[in-house]
Amino acid sequence: MIITLKDGSTKEYASGMSVLDIAADISEGLARAACAGEVNGEVVDLRTVVDEDVELNILTFRDQAGMDAFRHTASHILAQAVKRLYPGAKLAIGPAIELGFYYDFDMDRALDNKDLAAIEKEMNAIVKEKLDIERFELPRAEALKLVEEMGESYKAELISDLPEDAVISFYKQGDFVDLCAGPHLMNTKEVKALKLISTAGAYWRGNEKNKMLSRIYGTAYNKKSDLKEHMVRLEEAKKRDHNKLGRELEIFTTSEVVGQGLPLIMPKGAKIIQTLQRYVEDEEEARGYEFTRTPVMAKSDLFKISGHWDHYKDGMFVLGDEEKDDEVYALRPMTCPFQYMIYKAKQRSYRDLPVRYSETSPLFRNESSGEMHGLIRVRQFHLADAHIMCTPEQVEQEFKDVVVLVQDMMQAIGIVNDVTYRFSKWDPEKTDKYIDNPDAWHTTQNVMRKILNDIGLEYEEADGEAAFYGPKLDVQFRNVHGKEDTLFTIQLDFALSERFDMTYVDKDNQKKRPYIIHRSSIGCYERTLAMLIEKYAGAFPLWLAPTQLKLLPITDNQIEYCRNIKKTLRGYGIRVDIDERAEKIGYKIREARMERIPYLAIVGQEESENNSLAIRSREKGDEGSIALDDFIKRIADENASKYIYHQHMIEESK
RNA sequence: GCCGACCUGGCUCAAUUGGCAGAGCAGCUGACUUGUAAUCAGCAGGUUACCGGUUCGAGUCCGGUGGUCGGCUCCA
């Protein structure tokens, strides 16, 4: 047989060889590093015997699949340790994940940090025991019998759900046997650097109707130094956590008596949001949006028409009692139907379209108590919301323009490279969640896919992530804990113009249904602020910084000069503070640095005499004396750089 | 909503088996008037999240409520 390797070279063998043997034949080092193999594109075990011509790639810890095999083995070591310490624990599942692995157990007691330390100790003992890991297969009936004898009811359920013809494999290391498709390493001794991170609850099979199991998260590396680095990175990430930093920097706070999920935005946070909002609304207006101001509540009837009452009543703040009151109101969870009413307030001609209505919209959603998180998931928030009503011919261009708008916003706040795109689609299985109209789903999804491909956007597709009324393009970001959330969204809606009986009169004098695009430009201000805090670790870009320049007089003699400078700079829209306290200059600098203020100006006698500022910038440190006029120009230029649409226009006119 | 952890001055943290709630920073007052990351001194600050229980005695033990955090589920 002939084996073709990744680099195109070939090896020839007379008889069948295991992947590991072939790796050893290539080099001893490769065999040592090998975690799994890839045969004709399929990830396999190192034990897999190859006996025909194939393309083979040896996977090490550097390959994602190799790393997964490695960490999957770590999860088995975790399971073995748990079984040794708590024989009553039942095994559920234990895969590798992006930054490590987990294993779910059904335990009769809760685990605390001491337990975690004990389990980790036992895991290290298992590594030291250098147990060989063996793979074996069993016919279905025998496999079932084996797991039932072991009392592993969850494993039995997994086997029962496998297709009739499925290969059922097990892995054994010492006294521990686990149902598992693999692949796995050859011996427990390879897992030299492991660490248990945390415990958590998780529903069996991810379904909240099932029992909640105990999940243990951990991570593993093939080098101790890499593990240490990983732990340092986790610590560093925690320092950027918006929920901690945002409070330290006095951007927001919360109060028990106000309530959960209701953050109080403090002056610095409010300044950032105001700055952002002015910018967003300027950009939107420049691109043909009009603004509306609609009520924060409505009669339940409105939400019944839209379908939100059926889908999300539990998640709405309802005012009144449906049983007793003639009229029940609800705080609005979204803006759509309000703007539709404005659309419907007069007859629309095809000549009027597209109509683009924007609103910085306060929204209220009664999220479950466990869902709230800092500024990322809250019960009241402000969405940079808009709805575009257009003809079928216009929808493609309108959608593309929205993508450009969103990308310009991301460029302005500097996060273009921190996001991923998700094409969120319908799931035909979830009949209770989605409007039952397969034709419309296929049509709109195809329209959207065509647009995305035209733009050349890199995106992943996700089934079952669409809104109930149509597919979405979601812009996703990760917080410091690695958790992904939707930052911005653009949605194609095929259902609501029908429900609200929205029309326009076309050229042929016929009434027709407009297409509707729902979109957020900069998303929800609270969430975007959270993301910015984490992205910049509190050191906001100049144009967003609540204070852009802090004047630090060296003695009281310079205070008057500083106050005059402040007045002048305010005239140019520059946000300036003065530290008038009788403190030493080093102390004032230290505090201002901790506040991450972009520019500090040390003002002594020299500066006050020749109308200058001794600038200390956040990035460069001490820059020496600069004439006031030069400094104003520098800040003004930096401040204006965010107006990307204006730049587009200037480019075009050239 | 579910699983688990946590909650002590504004912040960071102490307080032995249940035995007088304390420190640093921040704040206030005063002195100092200083040239690029912490000047000195004094003062004040607490129903230990809240409610209840056990106890001679609770920050500490038990129960409940609220909030925060990490997950799970959900996210129009």
Side-chain angles (χ1 to χ4, degrees), chain A residues 102 104 107 109-113 115-116 197-217 238 241 243-244 247-248 250 253-262 303 306-316 332-337 363 365-374 376-377 383 385 424 433 465-470 472 474 481-483 485-486 489 491 493 496 518 524 552-559 581-594 600-607 614-616 621-625:
Chain A
Y102 68 78
D104 286 347
M107 315 264 304
R109 58 181 286 258
L111 295 170
D112 59 26
N113 285 337
D115 294 319
L116 221 54
I197 308 282
S198 61
T199 58
Y203 297 109
W204 167 235
R205 303 197 128 180
N207 186 331
E208 64 179 328
K209 294 193 177 77
N210 290 340
K211 182 166 183 185
M212 181 150 279
L213 308 173
S214 301
R215 174 171 297 180
I216 300 177
Y217 282 97
K238 273 188 205 156
D241 186 340
N243 214 349
K244 188 169 161 47
R247 291 168 198 270
E248 276 170 19
E250 298 180 9
T253 185
T254 51
S255 158
E256 282 184 29
V257 293
V258 173
Q260 210 184 357
L262 298 169
F303 305 114
S306 68
H308 287 87
W309 195 258
D310 287 342
H311 281 272
Y312 297 108
K313 193 173 106 186
D314 289 347
M316 288 166 65
R332 67 168 169 202
M334 34 75 218
T335 328
C336 350
L363 302 178
R365 295 182 186 179
N366 193 3
E367 305 283 3
S368 315
S369 61
E371 313 295 358
M372 262 79 71
H373 171 69
I376 290 178
R377 265 302 266 290
L383 190 69
D385 207 356
S424 298
K433 185 173 170 185
E465 295 288 346
F468 73 81
Y469 46 70
K472 306 192 285 178
D474 293 322
H481 301 288
K483 188 168 171 150
D485 262 301
T486 300
T489 184
Q491 311 172 353
D493 171 0
L496 296 186
H518 305 232
C524 148
L552 311 178
I554 288 175
T555 75
D556 291 354
N557 294 328
Q558 287 84 43
I559 288 182
R581 294 174 305 171
E583 297 289 351
K584 288 174 76 171
I585 194 68
Y587 182 83
K588 291 183 182 181
I589 290 172
R590 181 186 148 78
E591 282 209 342
R593 292 278 295 160
M594 291 196 300
L600 308 181
I602 287 78
V603 180
Q605 195 173 353
E606 207 183 306
E607 286 74 22
I615 293 298
R616 195 184 213 284
D622 189 356
E623 296 189 21
S625 265

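Each chain gets a letter, A, B and so on, in the order its sequence line appears, and its residues count up from 1.
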K.L.:
Looking at every strand, decide which applies to A:Gly586 at a 4.0 Å heavy-atom threshold: base, sugar-phosphate, or nothing.
P.N.:
sugar-phosphate
K.L.:
Counting the atoms with a prime plus P, OP1 and OP2 as sugar-phosphate, which does A:Ala582 contact under 4.0 Å by heavy atoms, base, sugar-phosphate, or nothing?
P.N.:
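The residue A:Ala582 makes base contact.
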K.L.:
Would you say A:His481 reaches B:G70's phosphate, i.e. side-chain N/O to OP1/OP2 under 4.0 Å?
P.N.:
yes
K.L.:
Could you check whether the side chain of A:Arg247 and the base of B:C11 have a donor-acceptor pair of N or O atoms closer than 3.5 Å, going by distance alone?
P.N.:
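Side chain to base: no pair present.
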K.L.:
Closer than 4.0 Å, any side-chain N/O of A:Gln260 to the OP1 or OP2 of B:U68?
P.N.:
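So the side chain of A:Gln260 is within the cut-off, an N or O lying under 4.0 Å from OP1 or OP2 of B:U68.
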K.L.:
Looking at the side chain of A:Gln491, which of B:G70, B:A37, B:A76 is the nearest nucleotide?
P.N.:
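Closest nucleotide to the A:Gln491 side chain: B:A76.
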K.L.:
Students often get this wrong, so: under 4.0 angstrom with heavy atoms, is A:Gly621 touching a base, only sugar-phosphate, or nothing?
P.N.:
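Contact class for A:Gly621: none.
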K.L.:
Indicate, with a heavy-atom threshold strictly under 4.0 Å, whether A:Ala202 touches base, sugar-phosphate, or nothing.
P.N.:
sugar-phosphate
K.L.:
Could you identify the nucleotide paired to B:C61, looking across every strand shown and requiring Watson-Crick or G-U wobble geometry with both distances under 3.5 Å?
P.N.:
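Partner of B:C61: B:G53.
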K.L.:
Salt bridge or not between A:Glu371 and A:Arg365? Use side-chain N to carboxylate O under 4.0 Å.
P.N.:
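Salt bridge absent between A:Glu371 and A:Arg365.
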K.L.:
The side chain of A:Gln605 is closest to which nucleotide in this list: B:C32, B:G71, B:G35?
P.N.:
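Ranking B:C32, B:G71, B:G35 by closest atom to the A:Gln605 side chain puts B:G35 first.
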K.L.:
Give a yes/no on whether any side-chain N or O of A:Lys211 is located under 4.0 angstrom from OP1 or OP2 of B:C3.
P.N.:
no
K.L.:
Under 30°, 30 to 60°, or over 60°: which ring-plane class applies to A:His518 and A:Tyr469, parallel, tilted or perpendicular?
P.N.:
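Judged by the thresholds at 30° and 60°, the geometry between A:His518 and A:Tyr469 is parallel.
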K.L.:
Considering only B:A37, B:U36, B:G67, which nucleotide approaches the side chain of A:Ala614 most closely?
P.N.:
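Selected nucleotide: B:U36.
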K.L.:
Specify the separation, in whole Å, of atom CD of A:Glu607 and atom C1' of B:U34.
P.N.:
14 Å
K.L.:
Starting at the 5' end of RNA chain B, which residue's closest nucleotide do you reach first, A:Gly206 or A:Glu583?
P.N.:
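Nearer the 5' end of the strand: A:Glu583.
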K.L.:
In this structure, how many angstroms lie between the C1' atom of B:C75 and the CE atom of A:Met316, rounded?
P.N.:
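After rounding, the gap between these two atoms is 15 Å.
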K.L.:
Counting only distance, no hydrogens or angles, is the base of B:G10 paired donor-acceptor with the side chain of A:Glu248 under 3.5 Å?
P.N.:
no
K.L.:
Could you give the CD-to-P distance, from A:Gln558 to B:U33, as a whole number of Å?
P.N.:
14 Å
K.L.:
Rounding to the closest angstrom, what is the interatomic distance between B:U73 and B:C3 at atom P?
P.N.:
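Result for the P pair: 15 Å, nearest Å.
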K.L.:
Return yes if a side-chain donor-acceptor contact under 3.5 Å exists between A:Arg215 and A:Ser198, otherwise no.
P.N.:
no
K.L.:
In whole angstroms, how far is the P atom of B:G66 from the CG atom of A:Leu262?
P.N.:
15 Å
K.L.:
Over how many whole Å does the gap from A:Asp556 atom CG to B:A31 atom P extend?
P.N.:
12 Å
K.L.:
With a non-hydrogen cut-off below 4.0 angstrom, is A:His311 in contact with a base, only sugar-phosphate, or nothing?
P.N.:
nothing
K.L.:
To the side chain of A:Met594, which of B:U12, B:C74, B:A37 is closest?
P.N.:
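Nearest listed nucleotide: B:A37.
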K.L.:
Just how far, in rounded Å, is C1' of B:C75 from CD of A:Glu465?
P.N.:
9 Å
K.L.:
Roughly how many Å apart are B:G42 and B:A23, using the P atom of each and rounding to a whole number?
P.N.:
13 Å
K.L.:
With distance as the sole criterion, is a donor-acceptor pair present between the side chains of A:Glu607 and A:Ser625 under 3.5 Å?
P.N.:
yes
K.L.:
Say you pick atom C1' in B:U47 and the same atom in B:A38; how far apart are they, in whole Å?
P.N.:
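Comparing C1' positions in B:U47 and B:A38 gives a spacing of 35 Å.
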K.L.:
Does A:Tyr102 reach a base, just sugar-phosphate, or nothing at all? Heavy atoms under 4.0 Å.
P.N.:
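Since no nucleic acid heavy atom lies under 4.0 Å of A:Tyr102, the category is nothing.
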K.L.:
Would you say B:C75 has OP1 or OP2 under 4.0 Å from some side-chain N or O of A:Lys433?
P.N.:
yes
K.L.:
Which of these nucleotides, B:C75, B:G66, B:C2, is closest to any side-chain atom of A:Glu256?
P.N.:
B:G66
K.L.:
In terms of ring plane angle, is the pair A:Phe303 and A:Trp309 parallel, tilted or perpendicular, where the classes change at 30° and 60°?
P.N.:
parallel
K.L.:
Determine the Euclidean distance between corresponding P atoms of B:U16 and B:A49; express it in Å to zero decimal places.
P.N.:
16 Å
K.L.:
Counting side-chain heavy atoms from C-beta on, which of B:U34, B:A37, B:C72 comes nearest to A:Tyr203?
P.N.:
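Among B:U34, B:A37, B:C72, the one nearest the side chain of A:Tyr203 is B:C72.
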K.L.:
Determine the Euclidean distance between corresponding C1' atoms of B:U33 and B:A15; express it in Å to zero decimal places.
P.N.:
42 Å
K.L.:
Evaluate A:Arg332 against A:Leu363 for side chain to side chain contact (heavy atoms under 4.5 Å, CB included), listing each step before the verdict.
P.N.:
CA-CA 6 Å; A:Arg332 67 168 169 202; A:Leu363 302 178; 3.8 Å; yes
K.L.:
Let's see if you can work this out: which of B:U34, B:G4, B:C74 has an atom nearest to the side-chain heavy atoms of A:Thr199?
P.N.:
B:G4
K.L.:
Give a yes or no on whether a donor-acceptor pair under 3.5 Å exists between the nucleobase atoms of B:C74, that is its base, and the side chain of A:Arg365.
P.N.:
no
K.L.:
Is there a side-chain contact between A:His373 and the phosphate of B:G70, meaning an N or O under 4.0 Å from OP1 or OP2?
P.N.:
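So the side chain of A:His373 is within the cut-off, an N or O lying under 4.0 Å from OP1 or OP2 of B:G70.
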K.L.:
Quick one: closest heavy-atom pair of A:Ser306 and A:Leu496, and the distance?
P.N.:
O-CD2, 3.3 Å
K.L.:
Can you tell me the distance, in whole Å, between the CD atom of A:Glu591 and the P atom of B:A38?
P.N.:
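It is 11 Å, rounded to the nearest whole Å.
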K.L.:
Of the non-hydrogen atoms in A:Asp474 and A:Ser424, which two are nearest, and what is the gap between them?
P.N.:
OD2-OG, 2.6 Å
K.L.:
What's the gap between B:G45 and B:G52 when it is taken at their P atoms, as a whole Å value?
P.N.:
26 Å
K.L.:
Examine the side chains of A:Asp485 and A:His373 and answer whether a donor and an acceptor come within less than 3.5 Å of each other.
P.N.:
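A:His373 and A:Asp485 do not have a side-chain donor-acceptor pair below 3.5 Å.
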K.L.:
Please state the P separation for the pair B:C20 and B:G4 - nearest whole angstrom.
P.N.:
34 Å
K.L.:
Taking 4.0 Å as the cut-off, does a side-chain nitrogen or oxygen of A:Arg332 come that near to OP1 or OP2 on B:A76?
P.N.:
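For A:Arg332, the contact criterion (side-chain N or O under 4.0 Å from OP1 or OP2 of B:A76) is not met.
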K.L.:
By the 4.0 Å heavy-atom rule, please label A:Gly374 as base, sugar-phosphate, or nothing.
P.N.:
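The residue A:Gly374 makes sugar-phosphate contact but no base contact.
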K.L.:
Does A:Arg215 reach a base, just sugar-phosphate, or nothing at all? Heavy atoms under 4.0 Å.
P.N.:
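Counting heavy atoms under 4.0 Å across all strands, the contact made by A:Arg215 is with sugar-phosphate only.
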K.L.:
What distance, rounded to whole Å, do you find between the two P atoms, one in B:U12 and one in B:U68?
P.N.:
15 Å
K.L.:
Can you tell me which nucleotide in B:G70, B:U34, B:A76 comes closest to the side chain of A:Tyr312?
P.N.:
B:A76
K.L.:
When the distance from NZ of A:Lys472 to C1' of B:C75 is rounded to whole Å, what number comes out?
P.N.:
8 Å
K.L.:
Could you tell me whether A:Glu367 and A:Arg377 make a salt bridge, using a distance below 4.0 angstrom between a side-chain N and a carboxylate O?
P.N.:
yes
K.L.:
Below 4.0 angstrom from OP1 or OP2 of B:C32, is there any side-chain N or O of A:Arg581?
P.N.:
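No, no such contact exists.
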K.L.:
Looking at B:A76, B:G71, B:A37, which one has an atom nearest to any side-chain atom of A:Pro333?
P.N.:
B:A76
K.L.:
Is A:Tyr587 stacked on the base of B:A38, meaning ring centres closer than 5.5 Å and planes within 30 degrees of each other?
P.N.:
no
K.L.:
Pick base, sugar-phosphate or nothing for A:Ile585, based on heavy-atom distances below 4.0 Å to the nucleic acid.
P.N.:
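A:Ile585: backbone/sugar contact only, no base atoms under 4.0 Å.
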